[in-house]
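Predicted, not measured: the structure shown is a model, and the values here were computed from it.
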Amino acid sequence: ELARISDFAAADGFDLLYLPGHNGSMVFHEVADTSLMSNLKVLALGTATGPAVVSPFNLKPPTDNRPYFYHFLTLRSIPLLHDILGKAGIMLAEWGYVLLWITLALLLTGGAILILIPLWINYRRFPSRRTTAHPAASPPSLWYFGAIGFGFMLIEIVLIQKLVLILGDPVFAVAGVITALLIFAGVGSMLAGYRGPYRPYLVPAAACLVILLLVAMFAGSSRFAAGLAALSGVYRFVLVVVCLSPLATALGVFFPTGIGWLESARAGHLIPWAWGVNGFASVIAAPVATIVALNLGFMTVAALASACYLCATAVTFRWWAGGEYRYPAD
């Protein structure tokens, strides 16, 4: 095949910019940029064997971890487009990437005005509620709900991207993830009602399970996709939903456990804000996940989600410390 390509190029007057085992050279054409050949080799190999290509644009080759063939813009390249091409250069920018940052700024501003500020005002207006509630049930405990809301959305976006490799279509991937999360996260919420002696370990165990399953997904998704390639779409969809059931069940444990703790700690005034903080974090996570995936890849998004659930687990250690998990059920 390589020989056929070389013969075709020679016969029809095409210069080979890059071909494995072939020293690219400009025979039929002349270009002013003498670094074109060496830079193309660097890009094709994916690793710089010599001086890296210096560019304000994102020239990294796309991979399954960062599958964005069209993403070249970076924050540094926007001023460059303006300086070289003027206002017309901004029109050449990838506006989807720019709008992600604008959306994130708007959500942060709106969320702070509509959720965080009212939360603080409500907390200051009713000091009696603070005195009757359990000491561990304070506004800092709402970090738990923010962490699980942020992490949940990050995991959902990662799962959708990974399932595209298996199901072959983003629409089917979204349907599979939402189906699994709705059904089995509800099962996890039922498990959160467990009142046995091992209840303090339920959230840490769920967090460990989430992290282990994310690692397994990144390690084996390609092989899993290859193994299911011969099956029909319906069978693949069903198998995907079943395989996601442990992860979705573990994700469903966190929120009702936190709500149950606020109720038992006589901190009912914080429950509406727990819902609000959780929803605010979920909305913020969508543009953040996309920005991180564009620049650093989906593996970094999964690592960030794991960190969120580890932080949530750390908050629960404060709740259950010293046998407080018995309060006030006894």
Okay, side chain of [X], backbone of [Y]: is any donor-acceptor separation there less than 3.5 Å?
| X | Y | result |
| --- | --- | --- |
| Gln161 | Asp64 | yes |
| Ser189 | Gly252 | yes |
| Ser282 | Gly149 | yes |
| Asp169 | Val171 | yes |
| Tyr144 | Phe254 | yes |
| Asn65 | Phe298 | yes |

Validation row: [X], [Y] side chains within 4.5 angstrom (heavy atoms):
| X | Y | value |
| --- | --- | --- |
| Leu244 | Thr179 | no |
| Val277 | Trp143 | no |
| Leu99 | Ile102 | yes |
| Met217 | Leu159 | yes |
| Met153 | Val283 | no |
| Val240 | Phe172 | no |
| Ile284 | Leu104 | yes |
| Thr257 | Thr316 | no |

When rounded to the nearest 0.5 angstrom, what is the spacing between [atom1] in [X] and [atom2] in [Y]?
| X | Y | atom1 | atom2 | result |
| --- | --- | --- | --- | --- |
| Leu212 | Ser306 | CG | OG | 9.5 Å |
| Cys208 | Leu310 | SG | CG | 7.5 Å |
| Cys308 | Leu154 | SG | CG | 5.5 Å |
| Asn278 | Leu142 | CG | CG | 10.5 Å |
| Met190 | Phe184 | CE | CZ | 12.5 Å |
| Leu231 | Ile166 | CG | CD1 | 11.5 Å |

Common cluster, [X]/[Y], ILVMFWY with side-chain heavy-atom separation under 4.5 Å:
| X | Y | value |
| --- | --- | --- |
| Leu213 | Leu163 | yes |
| Phe150 | Val292 | yes |
| Ile157 | Ile178 | yes |
| Val238 | Val164 | no |
| Leu108 | Trp101 | yes |

CZ (Phe28) with more than 12 external heavy atoms under 6.0 Å = yes
message = Can you tell me if Tyr68 has over 12 outside heavy atoms packed within less than 6.0 Å of its OH?
response = yes
task = Can you see which heavy atom on Ala305 is nearest to which on Gly151, and at what distance?
result = CB-O, 3.8 Å
key: Ala302 versus Phe218, closest heavy-atom pair with distance   = CB-CE1, 3.3 Å
message = Checking ring-ring contact (aromatic ring centres under 6.0 Å, His included) between Phe145 and each of Phe280, Phe152, Phe255, which is the one that passes?
response =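 One option only clears the test, and that one is Phe255.
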key: side-chain contact (heavy atoms from CB on, under 4.5 Å) partner of Leu294, chosen from Leu296, Ile291, Thr290   = Thr290
key: Given Ile160, Val210, Leu304, Val177, the one that forms side-chain contact (heavy atoms from CB on, under 4.5 Å) with Ile155   = Val210
